[in-house]
Amino acid sequence: QVQLVESGGGLVQAGGSLRLSCVASGRIFSNYAMAWFRQAPGKEREFLAVIGWSGANTYYGDSVKGRSTISRDSAKNLVNLQMNSLNAEDTANYYCGAQPFLGVLPTRPSQYTYWGQGTRVTVSS
């Protein structure tokens, strides 16, 4: 089983920035997507960003498009999510997901097999 561990969450001021990291270990597959999702109380898990195995293909959700960047370091099995201009609606638990894929990058939670335990982000004002 693939292990995913997120880090980088914490308390941040509104308007500030943060960088989340996800490290994969265990059984690693070659052709897979890695993605970031978040979930706040009373809300469904929301897609944020996804990156393909080569790092060339990326796709962003509307809530973070234009202010976030997903990147990948394959040598370290590391995926980062840089988020800027944070606001109160960004407060949530952030999860890293991984999924072997063929074709279009998956963007729905139900399409992902492996998940980390999450890291909490709280935006204060």
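Just so we're clear, the structure is a prediction, and the values are computed from it rather than from any experiment.
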Report yes if some heavy atom in the side chain of [X] is under 4.5 Å from a heavy atom in the side chain of [Y]; otherwise report no.
X	Y	value
Met83	Leu81	yes
Gln111	Phe101	no
Leu102	Asn31	no
Ser63	Glu89	no

In Å, rounded to the nearest 0.5 Å, how long is the span from [atom1] of [X] to [atom2] of [Y]?
X	Y	atom1	atom2	result
Asn77	Cys22	CG	SG	9.5 Å
Gln99	Thr107	CD	OG1	12.0 Å
Gln117	Asn93	CD	CG	11.0 Å
Leu105	Asn57	CG	CG	5.5 Å
Met34	Ile51	CE	CD1	9.5 Å
Arg45	Trp115	CZ	CH2	5.0 Å

For a quick test of reading the model, state the closest non-hydrogen atom pair linking [X] to [Y] and the distance between them.
X	Y	answer
Ser85	Ser17	N-OG, 4.3 Å
Leu20	Trp36	CB-CH2, 3.6 Å
Ser21	Asn80	OG-OD1, 2.7 Å
Ala33	Val50	CB-CG2, 3.8 Å
Gly116	Glu6	CA-OE2, 3.2 Å
Val123	Thr91	N-OG1, 3.0 Å

If you count the non-hydrogen atoms of other residues, nucleotides and ligands that lie under 6.0 Å from OH in Tyr59, is the total more than 12?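 No, not enclosed.
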For Trp53, does the CH2 atom have more than 12 heavy-atom neighbours from other residues, nucleotides or ligands under 6.0 Å away?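 Counting other residues, nucleotides and ligands, CH2 of Trp53 stays at 12 neighbours or fewer.
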Of Phe47, Tyr94, Tyr95, which is the lone residue that meets ring-ring contact (aromatic ring centres under 6.0 Å, His included) with Phe37?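 Among Phe47, Tyr94, Tyr95, the one meeting ring-ring contact (aromatic ring centres under 6.0 Å, His included) with Phe37 is Phe47.
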Taking Arg120 for its side chain and Gly9 for its backbone only, find out whether a donor-acceptor pair lies under 3.5 Å.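 Looks like no, no N/O pair under 3.5 Å.
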With sequence neighbours left out, what residues match Arg67 under salt bridge (Lys or Arg N to Asp or Glu O under 4.0 Å)? Asp90
